[in-house]
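Reading through the structure tokens given below for one structure.
Below, chain A is the first sequence line, B the second, and so on; all start at residue 1. Every heavy atom of this structure was used, including side-chain atoms; hydrogens, water molecules and symmetry mates were not.
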Amino acid sequence: MKRRAAAAFLGATALAAALLGLVRRQEGAAPPLPGPAHVADWWVSEGEAVGFDEAGAPRRRLRARRMVHYRDDGTTELDAPRVALVDAAGTRWRAEAERGRLSADRQRLRLEGAARLERLAPPARLDTRDLLLELDRERAATDAEVDFAAPGRRIRGRGLRAELAGAGRITLLAEVRGRHEPTP
Amino acid sequence: APPPIELEADRVEVDDNRGVSVYEGAVVVTQGRRVVRADRVVVRNDAQGPARLEAEGAPATLEDVDAEGRPLRGEGRRIDYDLRGEVVVITGEARLRQGGDRFRGEHIEYRIADGRIRAEGGDARVHILLAPREGATGDGR
């Protein structure tokens, strides 16, 4: 019995050594590829960026505690971003998160960590994580858990696809639990 | 005000432009002891909350206990439930069993408050099977 245990131990040790060797050999194989360093070219504290439509009317407002822009890929990292989607009637939707990343073309805002999307009228809020906002197309999406609440309704599920035009159309993709009750 | 309704489903689309929430995929609606099962359920909301529920299935089913404590089971291709008026309408090969009594037709209306049932045959006739009541005297008094 002891001899078999010893053999098994030796076998495992040999396997581990072989794997370790493989890993060491891979590390030394390829030097990091040359390319532009991911270096910030400007940053702003408590900044605000406003997006306008062709007629010059403000359509979205992005604020953040800190904005850091990177020359190499054109992205902007955001600390505590808050975005508002605005139309002629005023602010319709607001979104905020712990962190964010704005794409180079300024069309896609990835809200990272805990994120909240709010509609002002009629009131509704949606709590989730890692929410992608397509700003021009006024869409939102995540694969995370979603908690939607509006007066008289509470709906939870996993995965979201939302069209934010008008009062909005929100689809939860799986594991849906809903509760509808008379509004107070 | 009607009691809240709880729903479980595979997916839901909340369209507040039209004031509807459409639940799809193995939908189970629960309201107290009342349970509706269907493939698709539309909940129509207004400013006061949920007003109507429209269930479709093959069949959609309703399970309940009526005002006199009798088990009630209904099924049909569609079940419409007026949440405030507390009236359920079953259509499309509609069937309803209330205690021992059975109803079959194209359109069956069940009033929750008093347990009254009204059935219409549409093109076909209504089929009703009334079970003898326990303890009832011979002349029906």
Task: residues 12-20 of chain B: residues contacting chain A (heavy atom under 4.5 Å, by number) - done: B:V12, B:E13, B:V14, B:D15, B:D16, B:N17

Residue [X] versus chain A: region with a heavy atom under 4.5 Å:
X: B:D46; result: neither
X: B:T30; result: neither
X: B:A47; result: backbone

Task: Most chain B-contacting option - heavy-atom pairs closer than 4.5 Å, from A:I170, A:T171, A:V176 - done: A:V176

- [ ] Pick whichever of A:R158, A:H180, A:R169, A:R177 has the most heavy-atom pairs under 4.5 Å with chain B.
- [x] A:H180

Open item on the list: Test of understanding: with side-chain hydrogen bond (donor to acceptor under 3.5 Å, both in side chains), list the residues that count as partners of A:R61, not counting sequence neighbours.
Closed with: none

Task: A:Y70 with A:W43, same ILVMFWY side-chain cluster at under 4.5 Å - done: yes

- [ ] Would you please test B:N45 and A:R153 for side chain to side chain contact (heavy atoms under 4.5 Å, CB included) and show each step?
- [x] CA-CA 9 Å; B:N45 307 288; A:R153 283 172 298 163; 3.9 Å; yes

TODO: Report the option among B:G49, B:P50, B:G25 that has the most heavy-atom pairs separated by less than 4.5 Å from atoms of chain A.
DONE: B:P50

- [ ] Assess whether side chain to side chain contact (heavy atoms under 4.5 Å, CB included) is satisfied between A:L172 and B:Y23, documenting all intermediate values.
- [x] CA-CA 10 Å; A:L172 303 190; B:Y23 290 79; over 6 Å; no

Task: Heavy-atom check, side chain of B:P4 versus side chain of A:R179, under 4.5 Å - done: yes

Task: Spacing of CD belonging to A:E181 relative to CD belonging to B:E6, to within rounding of 0.5 Å - done: 8.0 Å

